[in-house]
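Since we're looking at a predicted model, the values are computed, not measured. Letters go in sequence order (proteins before strands), and every chain restarts at 1.
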There are 2 protein chains.
Amino acid sequence: MNSPGTPQTPGGDRSSRSGGSTRSAGTTRPNEHAASGRGALNRDLIVSAAIEYVDEHGLAMLTMRRLGEHLGVEAMSLYRYVNGREDLLEEIVRRMVDGLHVDRARRELLAGPGWQAYLQWLAHAVRRLARQHPQLFPLIATRHPAAPWLRPPLRSLDVVEDFLATLVDRGFTMENAVMAYRAFTSYLLGYLLLEVSTISGRTVAEDSLTEVANSPPPSPIPLDDYPHIQRVETLLSQDHTDLEFELSLEDMLDRIERLLASDLT
Amino acid sequence: MNSPGTPQTPGGDRSSRSGGSTRSAGTTRPNEHAASGRGALNRDLIVSAAIEYVDEHGLAMLTMRRLGEHLGVEAMSLYRYVNGREDLLEEIVRRMVDGLHVDRARRELLAGPGWQAYLQWLAHAVRRLARQHPQLFPLIATRHPAAPWLRPPLRSLDVVEDFLATLVDRGFTMENAVMAYRAFTSYLLGYLLLEVSTISGRTVAEDSLTEVANSPPPSPIPLDDYPHIQRVETLLSQDHTDLEFELSLEDMLDRIERLLASDLT
DNA sequence: ACCTGAACACCGTTCAAGT
DNA sequence: ACCTGAACACCGTTCAAGT
């Protein structure tokens, strides 16, 4: 019966679009909500606690009731500030990705003058984010984008605006900026999703209560019948991830550059 | 109390590894389970029904109870054949990906003699799969791989074995085959995840009961403050997906080729 | 203004019991 | 051998009620 367009909750308006983005997301001083007294609940705090909780226990464990408990509050209280579980997940994603937005001046400093330097900086920032929150990155990657100009993992209007503005500043046509945006996002998405999913392997206990003596051999798949896999097993298990990222990123930038050149013919 | 290592269910052993892989997965004659009489329930049928159900209603709607209802059976009956919901999801993924495995002779015919032709063929096969089951592809993409040699979206031992064997046959060293495997999977994963997620936008009703007059304007995000996004809005909404896929795929193959060349120095 | 108790409809899963 | 009824623990969510 309640029209979902009007949240009626405080903090429902994209919390402080310009102010809050410089302090890196998810950094609520961790002691503060331990001493939760009376009206110490609000949207930002809930989202921070949720991120913390997922980092520690995994996404499947994030439950309105458990999150309430984690905050020392009944689950129903959360609904004052968050429009249900879906809204909470969406807000988590927004908060994490918005951390990538910095104002123009600071961006110039960080990234240097060229478009390659900017894309290098952005790619590394996204990678840092993914590796800091391996449980959350799949959420960023697969939640349905609200619009075609919010391609994962760059799911923030601010960040996409930065992206396009920077490239156009550096001489890209609109068409080329869009193609670069497409190439950049799909490269980053695929690479980081795979890197993160092989890393976070058994970082999380998943459900650490009942299954303790169960997982030590995660799954000793018998590789008879698969001679080639068997032969490269050790190769595949190694992670030369750092070097591989740099090289494939450079390749991707070269591809964009080639794209520009072919445009002048 | 029950040790989870011993499923005690029929079909628990990775159903007929050599026999069942040639008939393309997901092809249970669709009329058959309409006339479900007595013992007409089995693992394959359950998995097929689940795939059908997700294609139609979306992943979030797939529930043991609803799937039971869809099959004309009480939900509890499913537990004879499927080791819980997680096991069902895993089996769905396996069934879909196994459809990419064809025997060597047939593969030569389809793909031609070169490694490029094989990778072209495989890439298009995966893309076909992704577009046929847009609701399921994110599952393939993000479910935790059981081993590092099962990188999404190629989550099948048979398919990965095919991949490596074919490349080594064509003269790749093991190291290069593995690098190609890495590059191929992360390219395909990123590209297809983004293509599918922008396509399946509102293919599914999500929950078509209560919210009917709600979604027509999916989310008219106000784009003031975002001049560049606004200017490229129409560009970003277009889908030149087919051509883009071919071009970026060729680029990726070129990258592998360059990789081989640099190896000879 | 902010939180809670109680309730509703719905989950996944187990197990003794039916046929 | 195969399916079901009943039950358990746990969800998300609503709303009148407490403070």
Taking 4.0 Å as the cut-off, does a side-chain nitrogen or oxygen of [X] come that near to OP1 or OP2 on [N]?
X: B:Ser77; N: D:dC2; answer: no
X: A:Thr63; N: D:dC10; answer: no
X: B:Arg85; N: C:dC11; answer: no
X: B:Arg65; N: C:dT13; answer: no
X: A:Tyr81; N: C:dC3; answer: yes

Salt-bridge present (A:Asp87, A:Arg43; N to O < 4.0 Å):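 Yes.
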Salt-bridge contact B:Glu91-B:Arg94 (side-chain N to carboxylate O under 4.0 Å):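 Here B:Glu91 pairs with B:Arg94 in a salt bridge, since their nearest N and O are under 4.0 Å apart.
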In whole angstroms, how far is the [atom2] atom of [N] from the [atom1] atom of [X]?
X: B:Met61; N: C:dA9; atom1: CE; atom2: P; result: 17 Å
X: B:Tyr79; N: D:dA6; atom1: OH; atom2: P; result: 18 Å
X: A:Leu89; N: D:dG12; atom1: CG; atom2: P; result: 10 Å
X: B:Met76; N: D:dA9; atom1: CE; atom2: P; result: 16 Å
X: A:Asn42; N: C:dC2; atom1: CG; atom2: P; result: 10 Å
X: B:Leu67; N: C:dC10; atom1: CG; atom2: P; result: 17 Å
X: A:Arg80; N: C:dT4; atom1: CZ; atom2: P; result: 12 Å
X: B:Leu41; N: D:dT4; atom1: CG; atom2: C1'; result: 13 Å

Closest nucleotide among C:dC2, C:dT4, C:dG12 to the A:Glu74 side chain: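 That would be C:dT4.
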Among C:dC3, C:dA7, D:dC3, the nucleotide that comes nearest once only the side chain of B:Val73 is considered: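 Out of C:dC3, C:dA7, D:dC3, the nucleotide with an atom closest to B:Val73's side chain is D:dC3.
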Parallel, tilted or perpendicular, as decided by the 30° and 60° cut-offs, for the rings of B:Phe163 and B:Tyr181: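 Judged by the thresholds at 30° and 60°, the geometry between B:Tyr181 and B:Phe163 is perpendicular.
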Sugar-phosphate only, base, or nothing, as touched by A:Met64 at under 4.0 Å among non-hydrogen atoms: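 Result for A:Met64 = sugar-phosphate.
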Between A:Thr63 and A:Arg85, a side-chain donor and acceptor under 3.5 Å: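 Result is no, nothing qualifies.
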Donor-acceptor side-chain pairing of A:Ser197 and B:Arg151 below 3.5 angstrom: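 Judged by distance alone, the side chains do not pair up.
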Strand DNA chain C as a dot-bracket string - pairs counted if Watson-Crick or G-U with both distances under 3.5 Å, | where the partner lies in another strand: ||.|||||...|||||.||
Qualifying residues under salt bridge (Lys or Arg N to Asp or Glu O under 4.0 Å), relative to B:Glu86, sequence neighbours excluded: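 With sequence neighbours excluded, B:Glu86 shows a salt bridge (Lys or Arg N to Asp or Glu O under 4.0 Å) to B:Arg143, given in chain and number order.
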Side-chain donor or acceptor of A:Glu69 paired with backbone N/O of A:Glu74 under 3.5 Å: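 The answer is no, because no donor-acceptor pair under 3.5 Å joins these two groups.
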